[in-house]
There are 2 protein chains.
Amino acid sequence: MKRVSIKDIAQAVGVSTALVSYVLNNKEKEARVGQKIAEVIRLKAKELGYQPNQIAKSLKTGRSQTIGLIVADISNPFFANIARTIEDEAKKYNYTVIFGSSDEAADKSQNLINILLERQVDGFIIAPTEGSEEQIRSLQEQHIPFVLIDRYFPEISTNFVVTNNYQASYHAVKHLARSGRRKIAMIAYKSGLVHMKEREKGYLDALADSGMESGQGLVKEISYNFIQQEVGEVMGQLMKDHPDIDAFFFGSNALSMGGLRFLNRNNYRIPDDVSVVCFDESEAFDLFYAPLTFVNQPLLEMGKEAIRILAGQISDRAAALEQVFVDSALIVRTDK
Amino acid sequence: MKRVSIKDIAQAVGVSTALVSYVLNNKEKEARVGQKIAEVIRLKAKELGYQPNQIAKSLKTGRSQTIGLIVADISNPFFANIARTIEDEAKKYNYTVIFGSSDEAADKSQNLINILLERQVDGFIIAPTEGSEEQIRSLQEQHIPFVLIDRYFPEISTNFVVTNNYQASYHAVKHLARSGRRKIAMIAYKSGLVHMKEREKGYLDALADSGMESGQGLVKEISYNFIQQEVGEVMGQLMKDHPDIDAFFFGSNALSMGGLRFLNRNNYRIPDDVSVVCFDESEAFDLFYAPLTFVNQPLLEMGKEAIRILAGQISDRAAALEQVFVDSALIVRTDK
DNA sequence: CTGAAAGCGCTTACAG
DNA sequence: CTGAAAGCGCTTACAG
């Protein structure tokens with residue numbers, strides 16, 4: 001059962017495909033198509049249940065109206081939420097989104113980029129993995145529009161939308177210090193990526209500015225692929241070496257989950273034994289026995305900005321780079 | 001900067017585009033292309049950094065190697081996890097996935113289907129919304145491959161992969177009864193969709209089989225769009241009307257979250273005041289003060305099956321329908 | 001106001 | 001073993 005094409009309509013009405021194309025794309029004025037014939041064409045199109053073939057359109061116009069979204073893992077709530085805002089925003093610009101999960105692995109990222117490029121996406125939104133600098137540079141050389149999200153490479157001039165990680169982290173730790181905590185540990189990812197480094201830096205500076213001894217030995221880095229296993233070991237060791245730790249700052253939502261689980265299992269009470277601040281929200285917090293303070297990234301705003309910038313780059317390759325730092329809020333929760 | 005095409009390679013090597021096409025698609029044997037020339041072509045392709053244009057390929061072959069995934073909401077952990085398994089499985093079959101969220105609204109679903117159809121997806125995986133029967137029938141009439149997931153329409157013969165909702169629900173409630181609960185309420189969605197209806201039926205039958213009075217008055221239905229508001233009101237009213245309720249069965253992950261939040265806020269202790277069983281897992285359970293028993297759907301298996309069936313339908317439109325019921329496990333958690 | 005025609009980048013019989 | 005050619009479904013100058 002062949003789908004109906006522009007040609008079918010043209011034949012049915014008795015005009016050329018050119019007219020049909022103009023009318024169906026609302027270019028009647030530019031093409032000065034007759035009023036009545038336009039009406040007839042439109043009617044026939046509806047009657048036959050015509051659906052434009054976007055693939056054919058793309059081939060001709062060089063625009064697929066599709067964008068590629070590469071995140072670390074679509075099943076991670078942080079990225080799932082980002083994906084949703086991007087989906088909604090993209091729709092407003094008439095874009096459809098193809099997504100892929102890189103699992104923080106450069107080779108998977110490269111593979112995804114290739115596949116999406118073959119699919120002729122008009123642009124990318126990418127949460128770049130460690131070691132993907134060359135991939136990003138290559139995109140740049142090919143003049144393919146993209147905007148990085150969540151992280152970026154300081155040494156490469158690109159569009160990006162990220163939260164102000166340093167500041168968010170600094171405030172979070174300052175908050176702990178102000179509420180009287182004197183030995184604050186941080187659990188982070190083992191990653192050279194700027195977002196994590198900035199979070200660590202914010203933590204360290206906040207310690208220093210609060211007159212605490214350098215936290216160097218109190219920042220622990222976990223492998224992305226073994227969070228659940230490593231978090232327990234690492235925190236266990238930390239508490240053994242430093243029984244006087246009185247607060248934890250968790251560098252991401254997955255780290256928070258793992259860390260809180262450890263604290264629960266080992267019967268550390270929050271906030272009596274240790275205080276906790278988490279980077280990113282989790283719906284799990286709502287059910288936790290203690291109110292949890294966390295850094296709240298404005299996902300909706302990030303998604304909006306990313307699409308806005310990308311759409312701008314697509315329609316004008318010469319558009320100026322945009323580097324957006326959005327501010328995260330520290331949501332302080334306490335009812336004691 | 002034009003991307004390099006098959007024509008560029010042909011010219012550079014001095015052969016026809018036909019040869020290049022055959023070689024690059026590994027059809028040298030069928031086309032009996034010369035060994036050496038094949039090698040030269042391959043080399044030149046690599047040298048020029050050739051990337052096939054999948055759009056052009058699609059137009060010619062009528063296959064986009066793309067599948068459309070329609071879920072209720074990609075930011076819902078249940079669907080985000082499904083999406084991930086589908087992404088991974090699809091890749092194995094060389095498919096790429098475009099997704100969209102319907103928000104359980106039939107008009108959005110229709111809109112998504114249209115957009116994806118225009119994009120020439122080879123098939124769909126759909127968690128159908130209430131009232132989308134006609135959309136599904138229409139897909140069927142157009143002989144477009146698809147498989148429903150999570151829910152289906154009993155009155156329409158289609159492929160689907162769903163969990164055995166009735167059974168899962170029945171066991172869950174039986175479990176509560178066996179552990180001595182005598183007045184079990186259920187919080188469900190207001191929905192005519194079979195998955196929710198079956199869950200309610202399983203609940204009712206389990207009550208009856210356990211010698212409890214009909215639970216009719218103890219099933220409450222919440223509007224999808226107002227969970228957080230309604231759940232509190234509804235449960236508050238329930239507890240007022242039936243102070244002797246000693247257990248709740250929550251019909252979905254979002255309902256569980258809302259319900260548990262209500263219990264927390266109102267200081268009902270689990271399991272001392274009320275017992276709870278949830279449909280679907282949530283990472284929030286790990287951090288909850290009490291061990292939570294839940295129905296665990298095998299998402300990975302569901303994703304695998306869905307793609308397997310869809311791929312089968314795509315390559316053979318005449319393939320027999322497949323209706324898969326996977327079994328969910330009741331994960332009993334208790335350390336008291 | 002309208003039509004004939006080229007062409008987007010491929011694949012694939014067909015002919016030799 | 002290889003090339004010329006048609007055609008997938010569109011858009012868009014160009015000519016009239």
Side-chain angles (χ1 to χ4, degrees), chain A residues 1-42 44-45 48-66 94 117-122, chain B residues 1-42 44-45 48-66 94 117-122:
Chain A
M1 210 178 70
K2 256 181 83 289
R3 300 195 193 171
V4 1
S5 74
I6 230 176
K7 204 164 141 196
D8 299 322
I9 300 174
Q11 283 175 345
V13 177
V15 297
S16 73
T17 58
L19 278 211
V20 178
S21 174
Y22 287 130
V23 172
L24 264 25
N25 285 297
N26 300 311
K27 293 191 177 157
E28 314 148 59
K29 334 81 194 283
E30 295 96 301
R32 275 166 305 165
V33 179
Q35 280 280 329
K36 345 66 185 316
I37 198 66
E39 216 35 56
V40 175
I41 289 172
R42 243 186 275 278
K44 183 58 77 176
L48 297 180
Y50 173 69
Q51 280 192 312
N53 181 328
Q54 178 62 41
I55 291 274
K57 234 172 181 154
S58 301
L59 183 59
K60 180 65 192 169
T61 63
R63 300 281 222 88
S64 65
Q65 293 302 123
T66 289
N94 213 358
L117 240 25
E118 292 180 3
R119 251 97 181 157
Q120 311 300 116
V121 293
D122 292 335
Chain B
M1 210 177 72
K2 257 182 80 289
R3 299 194 191 171
V4 1
S5 74
I6 230 177
K7 203 162 142 197
D8 299 321
I9 300 174
Q11 283 176 343
V13 177
V15 297
S16 73
T17 57
L19 279 212
V20 178
S21 173
Y22 287 131
V23 172
L24 265 24
N25 285 297
N26 301 311
K27 293 192 179 159
E28 313 148 58
K29 334 77 191 286
E30 295 96 303
R32 276 166 305 166
V33 178
Q35 281 279 328
K36 344 67 183 316
I37 198 66
E39 215 35 56
V40 175
I41 288 172
R42 244 186 274 279
K44 183 59 78 178
L48 297 181
Y50 174 68
Q51 281 191 312
N53 182 328
Q54 177 62 42
I55 291 275
K57 236 173 179 152
S58 302
L59 183 58
K60 181 62 192 170
T61 64
R63 298 282 220 90
S64 65
Q65 293 302 123
T66 289
N94 213 359
L117 240 26
E118 293 180 3
R119 251 98 181 156
Q120 311 299 117
V121 294
D122 293 335

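Predicted, not measured: the structure shown is a model, and the values here were computed from it. Protein chains get the first letters and strands the later ones, always in sequence-line order, with residue 1 at the start of each.
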Note to self: Using OP1 and OP2 only, check whether a side-chain N or O of B:Asn53 sits under 4.0 Å from C:dC8.
What the structure shows: no
Checklist line | Residue-phosphate contact under 4.0 Å: B:Ser16 side-chain N/O, D:dG3 OP1/OP2 | finding: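 So the side-chain polar atoms of B:Ser16 do come within 4.0 Å of the phosphate oxygens OP1 or OP2 of D:dG3, strictly under.
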Could you state the atom-to-atom distance from [atom1] of [X] to [atom2] of [N] in whole Å?
| X | N | atom1 | atom2 | value |
| --- | --- | --- | --- | --- |
| A:Arg63 | D:dT11 | CZ | P | 14 Å |
| B:Gln11 | D:dA4 | CD | P | 12 Å |
| B:Leu59 | C:dC10 | CG | P | 12 Å |
| A:Gln54 | D:dG9 | CD | P | 15 Å |
| A:Lys7 | D:dC10 | NZ | P | 10 Å |
| B:Ile6 | D:dG3 | CD1 | P | 13 Å |
| B:Glu118 | D:dG9 | CD | C1' | 13 Å |
| B:Arg3 | C:dC8 | CZ | C1' | 13 Å |

Can you tell me how far [atom2] of [Y] sits from [atom1] of [X], rounded to the nearest 0.5 angstrom?
| X | Y | atom1 | atom2 | result |
| --- | --- | --- | --- | --- |
| B:Thr61 | A:Ile55 | OG1 | CD1 | 9.0 Å |
| A:Tyr22 | A:Glu28 | OH | CD | 12.5 Å |
| B:Leu117 | A:Gln51 | CG | CD | 4.5 Å |
| A:Ile41 | A:Ile9 | CD1 | CD1 | 8.5 Å |
| B:Asp122 | B:Ser58 | CG | OG | 7.5 Å |
| A:Ile6 | A:Lys57 | CD1 | NZ | 8.0 Å |

Notebook entry, point to check: Looking at C:dT11, D:dT2, C:dG9, which one has an atom nearest to any side-chain atom of B:Val33?
Noted result: D:dT2
Next item on the list: Between D:dC1, D:dC10, C:dC10, spot the one nearest the side chain of A:Ala56, thanks.
Entry: D:dC10
Provide a list of protein-nucleic acid N or O atom pairs under 3.5 angstrom, restricted to nucleotides 12-15 of chain C.
unit_1 : atom_1 : unit_2  : atom_2 : d
C:dT12 : OP2    : B:Lys27 : NZ     : 2.7
C:dA13 : N7     : B:Tyr22 : OH     : 3.4
C:dA13 : N6     : B:Tyr22 : OH     : 3.2

Check: More 5' along DNA chain C: B:Gln51 or B:Arg32, using each one's nearest nucleotide?
Finding: B:Gln51
Any side-chain heavy-atom pair of [X] and [Y] under 4.5 Å:
| X | Y | result |
| --- | --- | --- |
| A:Val13 | A:Ile37 | yes |
| A:Val20 | A:Tyr50 | no |
| B:Asn25 | B:Ser21 | yes |

Check: Can you give the dot-bracket line for DNA chain D, where a pair is Watson-Crick or G-U wobble with both atom distances under 3.5 Å, crossing pairs use [ ], and | marks a partner on another strand?
Finding: |||.||||||||.|||
Check: When all nucleic acid strands are considered with a 4.0 Å heavy-atom cut-off, which category describes A:Ile37: base, sugar-phosphate, or nothing?
Finding: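 Contact class for A:Ile37: sugar-phosphate only.
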